[in-house]
Chemist: 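What follows is a single structure, and I will ask about it in a moment.
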Amino acid sequence: MSPEKAPLRLSRRMLLAALPLVALLGLVGVFAVTLRNPSTDLPSVLVNKPAPEFLLPPLEQSGVPGLGRTDLIGQVSVVNVFASWCIPCRDEHPLLVELKTRTGVKLLGINLKDEQANAIAFLDELGNPYDAIGADRNGRASIDWGVYGVPETFLVNGDGVVLLRHVGPLDRTSLDDLVSAIRAEQGGS
């Protein structure tokens, strides 16, 4: 091999060796941006469509009835999917209490794959803002709602049509947006 081709061959090897590192750094960058700005506006096939048919038994000893599709008819309601084992659900709970206080909206809960005693302890500790809670023990109703994980929150109009879906815990901004959407749907009251 001639001395002139040796540096060329060495630089090609370095380039080929560096390619996986460059690709890895690119992927890390994409993941970092995605994790830093998570989307809570995931598409839902239910938005602007009727809520699914479901009928869930009450969460025993919660003091509120179970939940079914018929509970969504007649007035604006918010459906919140939660569980006692969900740390973000605990973080968002005070905002649900505030939502109920600020709007008086019919707040309905779907308790996903939770132990009854744990769910009751969760509500006893943090307060129960729900007008009805359905115990979704096997997760079937949550699947029908298109739930990715807990918490998720849906705004439903008086005809039972899903207007909005929020994935993840409510924060101050999403709470204010939800309150505005509720008031607009209630006729500005």
Chemist: Any heavy-atom pair between the side chains of R172 and L95 that's under 4.5 Å?
Modeler: yes
Chemist: Taking the side chain as C-beta and beyond, is there a heavy-atom pair between R165 and V147 under 4.5 Å?
Modeler: no
Chemist: Evaluate D144 against E53 for side-chain contact (heavy atoms from CB on, under 4.5 Å), listing each step before the verdict.
Modeler: CA-CA 8 Å; D144 291 345; E53 289 292 336; over 6 Å; no
Chemist: If you take all heavy atoms of A83 and L112, which pair is closest and at what distance?
Modeler: CB-O, 3.6 Å
Chemist: So how far is it from N111 CG to I133 CD1, rounded to the nearest 0.5 Å?
Modeler: 7.0 Å
Chemist: Measuring only between side-chain heavy atoms, which start at C-beta, is R90 closer than 4.5 Å to F122?
Modeler: yes
Chemist: Within the structure provided, determine whether Q186 and Q75 are in side-chain contact (heavy-atom separation under 4.5 Å).
Modeler: no
Chemist: Might you work through the side-chain hydrogen bond (donor to acceptor under 3.5 Å, both in side chains) test for D171 and S174, ending with a clear yes or no?
Modeler: CA-CA 5 Å; D171 58 20; S174 56; 2.9 Å; yes
Chemist: Taking only distance into account, with no hydrogens and no angle test, what donor-acceptor pairs under 3.5 Å do side-chain atoms of residues 54-68 form with protein atoms, sequence neighbours excluded?
Modeler:
residue: S62; atom: OG; partner: L59; partner atom: O; Å: 2.7
residue: S62; atom: OG; partner: V64; partner atom: N; Å: 3.3
residue: S62; atom: OG; partner: V64; partner atom: O; Å: 3.3

Chemist: Below 4.5 Å, heavy atoms only, C-beta onward: do H166 and P151 meet side chain to side chain?
Modeler: no
Chemist: Can you measure from CD (E152) to CD1 (I110) and round to the nearest 0.5 angstrom?
Modeler: 10.0 Å
Chemist: Would you call L107 and Y130 a side-chain contact if the rule is heavy atoms closer than 4.5 Å?
Modeler: yes
Chemist: Given the rule that I, L, V, M, F, W and Y join up when any side-chain heavy atoms are under 4.5 Å apart, are V97 and V179 in one cluster?
Modeler: no
Chemist: Are any side-chain N or O atoms of N128 and backbone N or O atoms of L123, one a donor and one an acceptor, separated by less than 3.5 Å?
Modeler: no
Chemist: Of all the heavy-atom pairs spanning K113 and N138, show the shortest one and how long it is.
Modeler: CE-O, 3.4 Å
Chemist: Looking only at heavy atoms, which two atoms of D159 and N157 are closest? And how far apart?
Modeler: N-OD1, 2.9 Å
Chemist: Which is it for K100 and D131 under the side-chain contact (heavy atoms from CB on, under 4.5 Å) test, yes or no, and what are the steps along the way?
Modeler: CA-CA 10 Å; K100 181 70 175 173; D131 295 297; 2.6 Å; yes
Chemist: Starting from the C-alpha separation in whole Å, work towards a yes-or-no answer on side-chain contact (heavy atoms from CB on, under 4.5 Å) for R102 and D176.
Modeler: CA-CA 10 Å; R102 285 174 64 183; D176 291 341; 3.0 Å; yes
Chemist: Find the distance between NE2 (H93) and SG (C86) and round it off to the nearest 0.5 Å.
Modeler: 12.0 Å
Chemist: Quick one: are L175 and D177 in side-chain contact, heavy atoms under 4.5 Å?
Modeler: no
Chemist: Would you name the heavy atoms of F82 and C89 that are closest together and state the gap between them?
Modeler: CA-SG, 3.8 Å
Chemist: Quick one: does any side-chain atom of E92 pair with a main-chain N or O of L170 as donor and acceptor, under 3.5 Å?
Modeler: yes
Chemist: Looking at R140 and D136, does any basic side-chain N land under 4.0 Å from a carboxylate oxygen?
Modeler: no
Chemist: Does any part of the side chain of L178, heavy atoms only, come nearer than 4.5 Å to the side chain of V105, both counted from C-beta?
Modeler: no
Chemist: Could you pull out the closest heavy-atom pair between D71 and K106, with the gap in Å?
Modeler: O-NZ, 2.7 Å
Chemist: Do the side chain of W85 and the main chain of N118 share a donor and acceptor less than 3.5 angstrom apart?
Modeler: no
Chemist: I need the minimum non-hydrogen distance between L72 and A51, along with the two atoms involved.
Modeler: CD1-CB, 3.5 Å
